[in-house]
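Shown next, in structure tokens, is the structure this report addresses.
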Amino acid sequence: MNADYIRENLLQIRERIAAAARRAGRREEEVTLIGVSKTRPATDIRSAFDAGIVHFGENRVQEWEGKRGELVNLAGRWHLIGHLQSNKAARAARMFHSVDSVDDVSLAERLDRARAEANSSEKLRVLIEVHIGGEESKSGSPILALPALGTRILELPNLNLAGLMCIPPFFEDIQQVRPFFQKLRELRDGLQKELDWELPVLSMGMSHDFEVAIEEGATEVRVGTALFGARETN
Ligand SMILES: *Cc1c(COP(=O)(O)O)cnc(C)c1O
């Protein structure tokens, strides 16, 4: 049964999160686990929820549109973690609690307008995705554009800027990714001062490197494969 498999994986991930937090002198409650459920059926999301996961990350608006109908009674928190095209911003602003991949001003403005039209009682939480290095990733705000983007988001009444997110390059040797996580934390610290606005969230770390991310200050880790098993696509 997938449910048992997911539950067992979750226990191991939680232990690894706790151990990494201890090594860094942090508490495990400071780290939120986001179950990355892209390509997974709604039944797997339900199993993970029943096992104790509340936050889920999807990377495609369309895919989530197809699944959410089966999960309407589930009190999960839904995050969009993938690159968002501006023509899908309105749908995303209605369907997610958080967009963790905002990377430019016009996208932020579209999300803000759409959230207002959706008459939600809650602001849309957003993270700025930072292009932290590496050629393979095309998404993310350039580092130099962060102050202007952050300043603009703070002016938008229906968005709540909570922090930064990154997808660093992939390394076989996970120690090589550490400087990228350190860099995101430093950028957060700097932007926080510059904007005079608390940015408590650092979303960084995936299945193969979330422990290093936690040692470097991650408050949200996005874990797919280690929880649900290997994906066929994506
Ligand atoms: C797929 C994905 C993840 C999870 O990756 P795993 O290696 O399966 O844990 C995390 N973040 C983003 C943005 C993703 O697209």
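Numbers here are sequence positions counted from 1. As the structure is a prediction and not an experimental result, all values here were calculated from the model.
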Looking at [X] and [Y], what are the two nearest heavy atoms and their distance?
{"X": "Leu149", "Y": "Asp104", "result": "CD1-C, 3.6 Å"}
{"X": "Pro168", "Y": "Val177", "result": "CG-CG2, 3.5 Å"}
{"X": "Thr219", "Y": "Pro200", "result": "CG2-O, 3.4 Å"}
{"X": "Ser203", "Y": "Leu127", "result": "CB-CD1, 3.7 Å"}
{"X": "Val212", "Y": "Gln175", "result": "CG2-NE2, 4.4 Å"}
{"X": "Leu184", "Y": "Cys166", "result": "CD2-SG, 3.8 Å"}

Inter-residue atom distance [X].[atom1] - [Y].[atom2], 0.5 Å rounding:
{"X": "Ile45", "Y": "Arg68", "atom1": "CD1", "atom2": "CZ", "answer": "12.0 Å"}
{"X": "Glu186", "Y": "Leu191", "atom1": "CD", "atom2": "CG", "answer": "13.5 Å"}
{"X": "Leu202", "Y": "Ile214", "atom1": "CG", "atom2": "CD1", "answer": "12.0 Å"}
{"X": "Gln176", "Y": "Asp173", "atom1": "CD", "atom2": "CG", "answer": "4.5 Å"}
{"X": "Leu187", "Y": "Gln182", "atom1": "CG", "atom2": "CD", "answer": "12.0 Å"}
{"X": "Leu161", "Y": "Glu155", "atom1": "CG", "atom2": "CD", "answer": "12.0 Å"}

Answer whether the closest heavy-atom distance between the side chains of [X] and [Y] falls below 4.5 Å.
{"X": "Ile167", "Y": "Arg222", "value": "yes"}
{"X": "Arg115", "Y": "Arg94", "value": "no"}
{"X": "Asp209", "Y": "Phe181", "value": "yes"}
{"X": "Thr32", "Y": "Val221", "value": "no"}
{"X": "Tyr5", "Y": "Phe228", "value": "no"}
{"X": "Glu129", "Y": "Ile81", "value": "no"}
{"X": "Ile53", "Y": "Ile6", "value": "no"}
{"X": "Met95", "Y": "Trp64", "value": "yes"}

Next on the checklist: Apply side chain to side chain contact (heavy atoms under 4.5 Å, CB included) to residues Leu10 and Leu33 and explain how you reach the verdict.
Outcome noted: CA-CA 10 Å; Leu10 177 58; Leu33 173 62; 3.4 Å; yes
Can you hop from [X] to [Y] via hydrophobic side chains spaced under 4.5 Å?
{"X": "Ile34", "Y": "Ile128", "result": "no"}
{"X": "Leu11", "Y": "Ile13", "result": "no"}
{"X": "Val54", "Y": "Phe210", "result": "no"}

Can the ring centres of [X] and [Y] be said to be less than 6.0 Å apart?
{"X": "Trp78", "Y": "Phe96", "result": "no"}
{"X": "Phe170", "Y": "His208", "result": "yes"}
{"X": "His79", "Y": "His97", "result": "no"}

With distance as the sole test, does [X] use its side chain to make a donor-acceptor pair with the main-chain N or O of [Y] at under 3.5 Å?
{"X": "Glu220", "Y": "Met204", "answer": "no"}
{"X": "Asn2", "Y": "Asp44", "answer": "no"}
{"X": "Ser120", "Y": "Ala116", "answer": "no"}
{"X": "Arg110", "Y": "Ala89", "answer": "no"}
{"X": "Glu216", "Y": "Ala213", "answer": "no"}
{"X": "Ser207", "Y": "Ala226", "answer": "yes"}
{"X": "Ser98", "Y": "Val126", "answer": "no"}
{"X": "Lys67", "Y": "Ser37", "answer": "yes"}

Item to check | Chi angles and distances behind the side chain to side chain contact (heavy atoms under 4.5 Å, CB included) call for Glu232, Thr39 | outcome: CA-CA 8 Å; Glu232 282 170 15; Thr39 80; over 6 Å; no
Item to check | Ionic contact status for Glu63 with Lys38, cut-off 4.0 Å | outcome: no
Should we count [atom1] of [X] as having more than 12 external heavy atoms under 6.0 Å?
{"X": "Asn87", "atom1": "CG", "answer": "yes"}
{"X": "Lys183", "atom1": "NZ", "answer": "no"}
{"X": "Glu198", "atom1": "CD", "answer": "no"}

Checklist entry - Yes or no on side chain to side chain contact (heavy atoms under 4.5 Å, CB included) for Leu71 and Arg46, after CA distance, side-chain angles and deciding distance? => result CA-CA 8 Å; Leu71 298 165; Arg46 191 174 291 280; 3.9 Å; yes
Next on the checklist: If you apply the rule side chain to side chain contact (heavy atoms under 4.5 Å, CB included), what do you find for Lys88 with Arg60, and how did you get there?
Outcome noted: CA-CA 10 Å; Lys88 297 197 178 113; Arg60 295 216 170 105; over 6 Å; no
Item to check | Steps toward salt bridge (charged side-chain N to carboxylate O under 4.0 Å, His left out) verdict (Asp100, Arg125) | outcome: CA-CA 8 Å; Asp100 297 354; Arg125 191 193 82 150; 3.1 Å; yes
Side-chain donor-acceptor pairs under 3.5 Å in residues 140-147, sequence neighbours left out?
none

Checklist entry - In this structure, which one of Arg26, Arg22, Arg23 forms a salt bridge (charged side-chain N to carboxylate O under 4.0 Å, His left out) with Glu215? => result Arg23
Checklist entry - salt bridge (charged side-chain N to carboxylate O under 4.0 Å, His left out) between Glu211 and Arg178: does it pass, once the steps are laid out? => result CA-CA 10 Å; Glu211 287 146 305; Arg178 190 181 294 277; over 6 Å; no
